[in-house]
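Excluded from the calculations below are hydrogen atoms, water molecules and symmetry mates; all remaining heavy atoms, backbone and side chain alike, are included. Lettering follows sequence order; numbering is per chain, from 1. If you're wondering where the values come from, they're calculated on a predicted model, not measured in any experiment.
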Protein chains: 2
Amino acid sequence: MNEKDDFALQDFLPYLLNRAAEESSLGFQKHYKNRYGMLRTEWRVLFHLGNYGQMTAKEIGSRAKIHKTKISRAVAKLSEKRFVTRTRDENDRRAEHLALTPAGEAAYKDLREHALEFDTRICARFTTGEVAILRYMLRNLAGIEP
Amino acid sequence: MNEKDDFALQDFLPYLLNRAAEESSLGFQKHYKNRYGMLRTEWRVLFHLGNYGQMTAKEIGSRAKIHKTKISRAVAKLSEKRFVTRTRDENDRRAEHLALTPAGEAAYKDLREHALEFDTRICARFTTGEVAILRYMLRNLAGIEP
DNA sequence: GGATATTAGTTGTTTTTGTAACTAACAAGG
DNA sequence: CCTTGTTAGTTACAAAAACAACTAATATCC
């Protein structure tokens, strides 16, 4: 019996965080997967564009801490699906500005609605205060400014 | 500007959880990766065996909610590294009991030490009460009995 | 202006994962 | 026993991720 040791696997935060993240993602995943054939990165890119408006791949990458190759491929897929448009920056012709098409906007709004519902359902298990603490701590752990 | 809408991406729990999980895993990952050439699943299997003692692949899978193929491959690698032994169950010759070798035990203890340290460092950013709430909530979200 | 370094984004190749189909051992019902 | 069903674990193949090398545009500094 090693369980008497004052450190158990189930208390290890990276472990707990990963398990909770996986579990919580599962339920929402099927919305963007089954319904729009999206991958997680695609959904994140879509959400960033919908949430913050037009921006470049670079910007999305640094905001969401996603590697540029992943974004590049996600944008290619979203563009195929006619969810985003890509327009070259006239001043710096390496960069391109990504924006949602009406179809992309619609998908975003639909998914956003489901996300909100999903989030609400999760939060319902806890008190308002607990949820506030959780969000604050997760933002801190994720390295996102409050 | 969509930011006025009462739902922002940074507040979406699955997103926050994933970001926090990734971020928090990064620092610890290098211990088992660089030092023992392990993958995440390998480290989890090692930890389960070290923490709870001998058990079968099936048991690890249901405890940690890891798919059996992942475990199968992790066990194969750990066995190659001479960190675990596999002994057939005499009563049910399909199952095999996994246990740590002395080398596996040593690796486990070393990693466990680092994990503990790592965990402590993370927790230091918050109050004891906050950490308790976080753990309680994550266990709940992860579907682990309190 | 021209060599050199950076940067935005892409493409190619290797690992790792996910999924499905498989083997071998056991279990139950007839 | 002997079909049918179930379970523990493996293997094979497809999807996705990680990593490195690449192109093309821009910036720097002499």
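- Each of A/Arg94 and B/Lys58 has a nearest nucleotide on DNA chain D; the 5'-most of these lies closest to B/Lys58.
- Residues A/Leu17 and B/Arg19 have side chains not in contact (no heavy-atom distance under 4.5 Å, counting atoms from C-beta outward).
- Side-chain N/O atoms of B/Arg40 include none lying less than 4.0 angstrom from OP1 or OP2 on C/dT15.
- Nearest-nucleotide assignment on DNA chain C puts the 5′-proximal partner with A/Glu59, out of A/Glu59 and B/Asn91.
- Residue B/Thr69 is in base contact, counting any heavy-atom pair closer than 4.0 Å across all strands shown.
- Under the 6.0 Å distance and 45° angle rule, B/Arg112 does not count as a cation-pi partner of B/Phe47.
- Under the 4.0 Å criterion applied to side-chain N and carboxylate O atoms, A/Glu42 and A/Lys81 are assigned as salt-bridge partners.
- For A/Phe28 and A/Trp43, the ring centers are positioned less than 6.0 Å apart.
- Between A/Lys68 and B/His97, the one whose closest nucleotide on DNA chain D sits nearer the 5' end is B/His97.
- Separating the CG atom of A/Leu26 from the P atom of C/dG18 is a distance of 10 Å, rounded to the nearest angstrom.
- Atom C1' of nucleotide C/dG18 and atom NZ of B/Lys65 are separated by 18 Å, given to the nearest angstrom.
- Atom pair B/Leu39:CG and C/dT15:C1' shows a separation of 9 Å (rounding to whole Å applied).
- The only member of A/Arg86, A/Glu96, A/Arg94, A/His97 that meets side chain to side chain contact (heavy atoms under 4.5 Å, CB included) when paired with A/Thr56 is A/His97.
- Of the residues in residues 70-79 of chain B, those lying under 4.0 Å from DNA chain C by heavy-atom distance are B/Lys70, B/Arg73.
- Contacts of B/Arg86 with the nucleic acid, taken as non-hydrogen atoms under 4.0 Å apart, involve only primed sugar atoms and P, OP1 or OP2.
- Among the atoms of the strands shown, none is found under 4.0 Å from any heavy atom of B/Asp89.
- Side-chain heavy atoms closer than 4.5 Å link hydrophobic residues (I, L, V, M, F, W, Y) into clusters, and following such links, even through other members, never connects A/Leu39 to A/Val45.
- Mapping A/Lys33 and A/Ala57 onto DNA chain C by nearest heavy atom places A/Ala57 closer to the 5' end of the strand.
- Between B/Glu22 and A/Lys65 there is no salt bridge, since no side-chain N of the basic residue sits under 4.0 Å from a carboxylate O of the acidic one.
- Here C/dA25 presents its P atom at 12 Å from CD of B/Glu96, a figure rounded to the nearest Å.
- Summarising the geometry, the separation between CD1 on B/Ile60 and P on D/dT7 is reported as 19 Å, rounded to the nearest angstrom.
- Rounding to whole angstrom units, CG of residue B/Asn18 and C1' of D/dA17 are separated by 15 Å.
- Separating the CD1 atom of A/Ile66 from the P atom of D/dA16 is a distance of 16 Å, rounded to the nearest angstrom.
- Nucleotide D/dA15 holds its P atom 16 Å from the CD atom of A/Gln29, rounded to whole Å.
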